[in-house]
Protein chains: 2
Amino acid sequence: MTVKIEAPGGRPRYLQLATTLVHEIRTGRYPVGGLLPTEFELCDQFGVSRFTVREAVKQLVQMGMVTRQPGVGSRVLAAAPVTQYTQTMSGITDLRQYAYETSLEIEGQALLEVQGELADTLDASPGETWLHVWGLRYTEAHDAPICMTDAYVAPAFRSVSGLSGRMTRALYAVLEEQFDLQIKTVHQDIRAVVLDKAAARRLDAKPGSAGLRLERRYLDARDELVELAISVHPADRFTYRESFRRDWQVSM
Amino acid sequence: MTVKIEAPGGRPRYLQLATTLVHEIRTGRYPVGGLLPTEFELCDQFGVSRFTVREAVKQLVQMGMVTRQPGVGSRVLAAAPVTQYTQTMSGITDLRQYAYETSLEIEGQALLEVQGELADTLDASPGETWLHVWGLRYTEAHDAPICMTDAYVAPAFRSVSGLSGRMTRALYAVLEEQFDLQIKTVHQDIRAVVLDKAAARRLDAKPGSAGLRLERRYLDARDELVELAISVHPADRFTYRESFRRDWQVSM
DNA sequence: GAGTGGTCTAGACCACGAA
DNA sequence: TCGTGGTCTAGACCACTCG
């Protein structure tokens, strides 16, 4: 089937084409799990150059609806946009009170044979030996701590070195460097908790006050869990702040 | 100055060029606030085609270091990457217990002449009249509410209609549709709070228990605040979940 | 070996901003 | 009016996957 696409002057061709493809995916012409036509086929079908086709498919990739694989093709992942925002700015932990520079004081580390609930959380087989690292994070002023952190490092990387004293780099960054791996995905869960007596003492906060609990899973390119980090912040000393930018040009 | 860039076979030219440009920006050759050479000049300097130059600069744009403006040029915004992640997946509010579908029951709305602290929060002049909308959000099962929401709509959009009963769409989406505007940026602050008696009663939670407070600012293309939404969730009924993907190919 | 997506070239026209 | 970045064409070679 050949479809005419408007001449230049209006909306760019590649956006029109992207909109069309989104519509055709949503209506089931290209089912989830299947392949789109090849780039050259799309060129023929729509009478446009390969550049235009590639720009169009790039939009779908950006929306998380399609992946491309050299030698294989463009596979449909979802019938609706998965990605909400295309850019996440201003890091992952900003602080109130303009205290941006922080450091983690390592209190200890130990090899840990994971069992039961922790094994479930780590999606690990019971008996695997992970590295457990814990400590407190301070601002530069180094008054009261802004969080307590427990991190669990996967067996493959438990030989990581240099984890002691005052760390100014993130643990995952150390792992990336020492093991030549690349963190590709981060899953984050945020909850509110009530600080129990032990936690309150460590954080120099009042027992029964609120805390912000962040749980982060760092995954590599093969979606293997590299590190799990859990940090608990006293509510009055920490606000988690993030910014998103939406970049969509494909009208739905 | 002419710089040789490796022939094909190794790292793609556009990534090499991007790395070079990042380095030159960081070392001050192209100062923050200034313009990069034009695309054609970069073509000459590096002996590559415009395609390669554009792909390279696109990397810097993705990192938040550069913006491009037709008719003007490519302006340097920052000497280091600003963007941490290139994709934010799985929406902005996921729930525990597999309760994904929620609806907001509007309890009331009223025009509000903002003053004092609220005016500051909204970055508005005292006396401006905003629209205040509030309600409770329920899961499909419709048992206890999962959050209470207060939203403030900028004067320009306070005539929004259709805000009543049970809403299944986000307020910002309604605004986007009715006023043909596009939300470009969202700033989000997340804190833990302790629920006071009034909040606990509304949320059907225990006074003194913890709550998760999300504050979201929706900005349009001109960075004007369109809506401020504040929602408070009982800690035991809600976990905020998000996923990020890092997509960087430029080695620093 | 045939076909895929990834990279790259050398052109071209356009809308827009600045002088 | 001139130069900018945005879009677009028609080619090309490559590494890779798969039969």
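Throughout, a chain's letter reflects where its sequence line sits, starting with A, and its residues are numbered from 1. Here the structure is a predicted model, which means the values were calculated and not measured.
- Per the geometry, CD belonging to Glu55(B) stands 10 Å off C1' belonging to dG6(C), to the nearest Å.
- Between the P atom of dG11(C) and the CG atom of Asp44(B) lies a distance of 13 Å, rounded to the nearest Å.
- Straight-line distance from the CG atom of Leu42(B) to the P atom of dT4(D): 11 Å, rounded to whole Å.
- With sequence neighbours excluded, no residue satisfies ring-ring contact (aromatic ring centres under 6.0 Å, His included) with His187(A).
- One atom, CD of Gln59(B), and another, P of dG6(C), lie 13 Å apart when rounded to the nearest Å.
- Across the protein-nucleic acid pair, Phe51(A) atom CZ and dG11(D) atom C1' stand 15 Å apart, rounded to whole Å.
- Put simply, CZ on Phe46(A) is 13 Å from P on dT9(D), counting in whole angstrom units.
- We find that CZ of Arg75(B) is positioned 14 Å from P of dT4(D), with the value rounded to whole Å.
- The ring-ring contact (aromatic ring centres under 6.0 Å, His included) test applied to Tyr14(A) returns no partner, not counting sequence neighbours.
- Residues satisfying the salt bridge (Lys or Arg N to Asp or Glu O under 4.0 Å) criterion with Arg245(B), sequence neighbours excluded, are absent altogether.
- Donor-acceptor pairing under 3.5 Å is recorded for the side chains of Gln188(B) and Tyr240(B).
- Put simply, Thr52(B) has no side-chain N or O that comes within less than 4.0 Å of OP1 or OP2 on dT7(C).
- Phe51(B) pairs by the ring-ring contact (aromatic ring centres under 6.0 Å, His included) definition with nothing, not counting sequence neighbours.
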Could you go over nucleotides 2-5 of chain C and give all protein N or O partners under 3.5 Å, atom names and distances?
from   : atom 1 : to       : atom 2 : distance (Å)
dT4(C) : O2     : Gly71(A) : N      : 3.0
dG5(C) : OP2    : Glu39(A) : N      : 3.0
dG5(C) : N7     : Arg50(A) : NH2    : 3.4

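- Under the rule for a ring-ring contact (aromatic ring centres under 6.0 Å, His included), the partners of Phe157(B) that lie at least two apart in sequence or sit in another chain are Phe179(B).
- Note: CZ (Arg11(A)) to C1' (dC8(D)) measures 16 Å, nearest angstrom.
- Remark: Tyr14(B) is not in phosphate contact with dC8(C), judged by side-chain N or O atoms under 4.0 Å from OP1 or OP2.
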